[in-house]
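These notes are about the structure you will find just below.
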There are 2 protein chains.
Amino acid sequence: MARLNLLRFSPFRLNRLAAEFSGALAEDYARFGIDIPEWRVLATLGLHDGPRSAAYVVRCTRTHKSRISRAVGHLAGLGLVERREDEADRREIMLALTPAGRAIYAELVPLLLAREERLLAVLDPGERREFERLLGKIEAGLGLMRCDEEP
Amino acid sequence: MARLNLLRFSPFRLNRLAAEFSGALAEDYARFGIDIPEWRVLATLGLHDGPRSAAYVVRCTRTHKSRISRAVGHLAGLGLVERREDEADRREIMLALTPAGRAIYAELVPLLLAREERLLAVLDPGERREFERLLGKIEAGLGLMRCDEEP
DNA sequence: ACCAGATGGTTGCGGATACAACAATCACGG
DNA sequence: CCGTGATTGTTGTATCCGCAACCATCTGGT
């Protein structure tokens, strides 16, 4: 009978690895009272200078719009993100980091990059590049690449 | 100011990829009325011939024991798994697949392996091996490898 | 100009999850 | 032999998540 070793089954391994990575990062941004989807909003807004719509954040993070909506609500309550109606299209709500939000972003990014570095420290630079290349190839095969259809 | 592109950030990429893989596999076992943690229980019990304790399943799948407990409850309700008190240690409850459970396992495994194959189809055999080697190296670095402390 | 359909965003709700408290059992030291 | 602490598994509870329904607004065809 065909058998399947869960420990060598890629979907399980990716799930477990992703959970492990997420848990490690949570230690960093939990200190600021935010969680994963909220961090994703900060990261998306922090990468650009101008404001972006919520729909853009949804496309870019591949996160459900209800989750983004609630994350933005929380971030706005913390004074880290500002919502402003777009005058051209009054359905859209433009999101921008406040100075406080930008300060937290600037403080958080080096911590998270250092954390990533530690998680991948067992790979030498060549392996690291190869791992990222293979990730990209799998993503491309699944059609996960394009997000940045700039508005 | 240091910036961080979410799309090149390994924790985010792994999260996204794991979600994509899980979603793809869900199509397969949803047909049998089971979900991810329930499939993990089946997979753990199916890999061995004899029964295993719930604690063993917890260690092997790295899933929270309450999740395993409820998954086992559901599987028992479906008649796929049988619970039996261990006589030596009456705290432990030994779990075993019923004939129906083993039949579903046998039917499910080829489907899931084929699905994995399709998800990784963009990689040629060498890349596939290298990807799995790198996954293993990262797992080892995080201490995720040992689960199979055989009871 | 108008109406049908598409899009952006919020919210109610059912279901799932994790955390912690709990009961039952075992192991070990005195 | 007793009792303290650890281990196994279940359950209560508060929270989170996604689906879908919903409102508001825009677009395009006629």
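First the proteins, then the strands, lettered A, B, ... as listed; each starts at 1. Just so you know, these numbers come straight off a predicted model, no measurement behind them.
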Presence of S66(A) side-chain N/O under 4.0 Å of dT10(C) phosphate oxygens OP1/OP2: no

Presence of donor-acceptor pair under 3.5 Å, side chain of R70(B) and base of dG12(D): yes

Rounded interatomic separation in angstrom, taking CD from E92(A) and C1' from dT27(D): 13 Å

Reading 5' to 3' through nucleotides 21-28 of chain C, protein heavy-atom contacts under 4.0 Å coded B for base, S for sugar-phosphate only, - for none: ----BS--

Whole angstrom value for the distance that separates P of dG9(D) from CZ of R52(B): 13 Å

Nearest-Å distance for atom pair CD1/P, residues I68(B) and dT11(D): 15 Å

Pair T44(B), R52(B): side-chain N/O donor-acceptor within cut-off below 3.5 Å: no

Out of dC17(D), dA18(C), dG9(D), whichever nucleotide has its closest atom nearest the side chain of P37(A): dC17(D)

side-chain N/O R67(B) vs dA18(C) OP1/OP2, d < 4.0 Å: yes

Distance (rounded to the nearest 0.5 Å) between L97(B) CG and L45(B) CG: 5.0 Å

Value in whole Å for how far the P atom of dT7(C) lies from CZ of R59(A): 11 Å

Atom pair distance, as rounded to whole Å: NE2 in H64(A) and C1' in dT11(C): 12 Å

Spacing of CD1 belonging to I104(B) relative to CD1 belonging to I34(B), to within rounding of 0.5 Å: 6.5 Å

Among dG9(C), dT8(D), dT10(C), the one nearest S69(A) by side-chain distance: dT10(C)

Donor-acceptor pair under 3.5 Å, R83(B) side chain vs dG9(D) base: no

Between dG18(D) (C1') and D35(B) (CG): distance, integer Å: 15 Å

Distance in angstrom units between L75(A) CG and dT10(C) P, rounded: 12 Å

Salt-bridge contact E132(B)-R8(A) (side-chain N to carboxylate O under 4.0 Å): no

Pairing of R3(A) and D49(B) as salt bridge, 4.0 angstrom limit: yes

L108(B) side, atom CG; L42(B) side, atom CG - distance, nearest 0.5 Å: 7.5 Å

Atom pair distance, as rounded to whole Å: NE2 in H74(B) and P in dT17(C): 12 Å

Atom pair CG (L111(B)) and CZ (R115(B)), whose distance is rounded to the nearest 0.5 Å: 8.0 Å

